[in-house]
Protein chains: 2
Amino acid sequence: MASPTDNLQPVNFGILLFPAFQALDVFGPLDALNLLSMLKFPKMNLSIIGLTLDPISTKDPKGSSDFGESVVPTHTISDPPQDLDVLLVPGGLGSRDFEGTTPIVDFIRTIYPSLNQKANGYLLTVCTGSWLAARAGVLDNKFATSNKAAWQEKKDKNIGPDVKWVSYARWVVDGNIWTGSGVAAGIDLMVAFIEKVYGVETANDISRLMEYMPHKDPHDDPFADLYGLPRENC
Amino acid sequence: MASPTDNLQPVNFGILLFPAFQALDVFGPLDALNLLSMLKFPKMNLSIIGLTLDPISTKDPKGSSDFGESVVPTHTISDPPQDLDVLLVPGGLGSRDFEGTTPIVDFIRTIYPSLNQKANGYLLTVCTGSWLAARAGVLDNKFATSNKAAWQEKKDKNIGPDVKWVSYARWVVDGNIWTGSGVAAGIDLMVAFIEKVYGVETANDISRLMEYMPHKDPHDDPFADLYGLPRENC
């Protein structure tokens with residue numbers, strides 16, 4: 001079986017989790033990576049990085065609903081995995097909480113330079129995960145996108161004033177940073193990432209097994225239309 | 001805020017998990033239910049039912065990949081939640097393992113009559129989750145569907161010989177049993193279920209927040225075409 005390092009393909013993946021993460025932001029892209037590892041690259045590994053080692057819930061601690069799921073982290077931001085190639089940052093209500101996620105923002109700021117100096121290093125965000133990356137400063141002067149339902153809230157909160165936010169985009173690639181639009185767009189981002197990095201056949205195999213018809217055109221964004229967004233940076 | 005019981009809408013949801021479940025089979029539908037509870041029905045609750053209370057991983061214990069995620073159960077099949085309204089059964093490699101999932105099959109067989117006698121009781125399956133329901137006998141003489149990539153394997157293993165398997169279907173509804181096709185089809189199934197049970201406005205709100213364009217026609221199944229399936233029961 002091929003090894004991902006043959007072509008400087010990433011091996012060591014990490015995902016940052018925090019309370020009130022959005023489930024599909026995480027498990028859409030991870031389902032694709034699970035299949036990638038299962039089918040082609042068994043040596044790939046995944047670190048799940050939390051604030052602590054306690055299970056991390058999708059539940060909003062400030063909300064009235066107790067409906068949710070908890071995921072077990074493998075690492076913490078204070079004792080993170082070494083030699084990470086790809087960091088995936090999801091969104092969700094928790095990513096919009098300025099008090100709760102400051103240590104997460106600091107972690108992104110600290111780790112990004114080590115990803116950036118690798119040929120197989122990438123930062124991937126889904127939904128309002130790009131708000132966290134923006135607050136970390138790593139998107140400054142770069143093109144990026146985010147959740148469309150919260151586009152105005154992003155402006156109101158002055159998130160990433162130096163980021164070139166692209167309003168009509170299913171996902172945006174700028175160098176080694178890939179940012180996705182809301183929730184399900186993370187699946188499209190990951191299928192496109194796999195196509196770019198691991199090849200079109202592998203990406204097709206995976207989206208077929210997922211019985212998912214990916215959006216293929218990053219500029220085709222029905223939700224920017226639906227929410228009546230202005231055309232910015234596109 | 002409205003209470004789901006006003007219209008005999010389900011309140012008590014459960015999901016059955018087993019080792020090597022498919023992540024997106026679980027977290028596609030659950031993301032929609034998380035939003036349903038967050039936005040409209042905070043009194044909804046979710047039980048995550050495992051063989052034991054140990055975290056349950058997507059990893060295939062017989063596979064060579066160590067890449068995966070673990071979810072924390074809240075209940076076990078030997079001490080399940082009382083008064084369940086909806087049971088959701090995902091698929092994945094684990095559901096295709098005849099040795100490992102026999103207690104899961106027995107659990108479905110035992111619990112289905114209590115769901116079936118409720119006006120707000122439903123059994124929902126995604127992907128090869130319907131194989132487990134078929135092995136439990138609860139799909140006998142009913143229309144149902146399943147993952148398309150493993151359609152032939154289902155026949156070869158003689159899963160549910162008395163089930164009216166529908167080859168061209170994104171999802172199938174027969175009475176209070178909803179069965180979905182592979183993986184991402186679970187999102188379509190859940191959006192359709194929410195539309196039927198909670199109303200079209202709620203379903204639209206949720207799919208828009210998920211930035212997901214659901215398949216609206218259950219008979220439109222591009223993956224049955226793609227895998228060249230024969231037309232059966234459709």
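Within every chain, numbering begins at 1; the chains are lettered A, B, ... in the order of the sequence lines, protein sequences first and strands thereafter.
- Residues of residues 15-25 of chain B lying within less than 4.5 angstrom of chain A, judged on heavy atoms, are B:Gln22, B:Ala23, B:Leu24 in numerical order.
- Every salt bridge (Lys or Arg N to Asp or Glu O under 4.0 Å) that A:Asp205 has, sequence neighbours left out, goes to A:Lys40.
- Heavy-atom distances place both the backbone and the side chain of A:Leu209 under 4.5 Å from chain B.
- Of all the heavy atoms in B:Tyr212 and A:Phe223, the pair that sits closest is N-CZ, 3.3 Å.
- For chain B, the nearby part of A:Asp66 is the backbone; its heavy atoms alone come within less than 4.5 Å.
- With a 4.5 angstrom heavy-atom cutoff, A:Leu93 touches chain B only via side-chain atoms.
- In this structure, chain B has no heavy atom under 4.5 Å from any part of A:Thr74.
- Looking at A:Phe67 and B:Phe13, their side chains come closer than 4.5 Å, going by heavy atoms from C-beta outward.
- Against chain B, the residues from residues 213-220 of chain A that qualify, each with a non-hydrogen atom under 4.5 angstrom away, are A:Met213, A:His215 in number order.
- Residues of residues 146-154 of chain B that come closer than 4.5 Å to chain A, counting heavy atoms only, are B:Asn147, B:Lys148, B:Ala149, ordered by residue number.
- Here the shortest heavy-atom pairing between A:Gly68 and B:Ile48 reads O-CD1, 4.1 Å.
- With rounding to the nearest 0.5 Å, the separation of CZ in A:Phe27 from CG in B:Leu30 is 10.0 Å.
- In this structure, chain A has no heavy atom under 4.5 Å from any part of B:Ser57.
- Heavy-atom distances place the side chain of A:Ile187, and not its backbone, under 4.5 Å from chain B.
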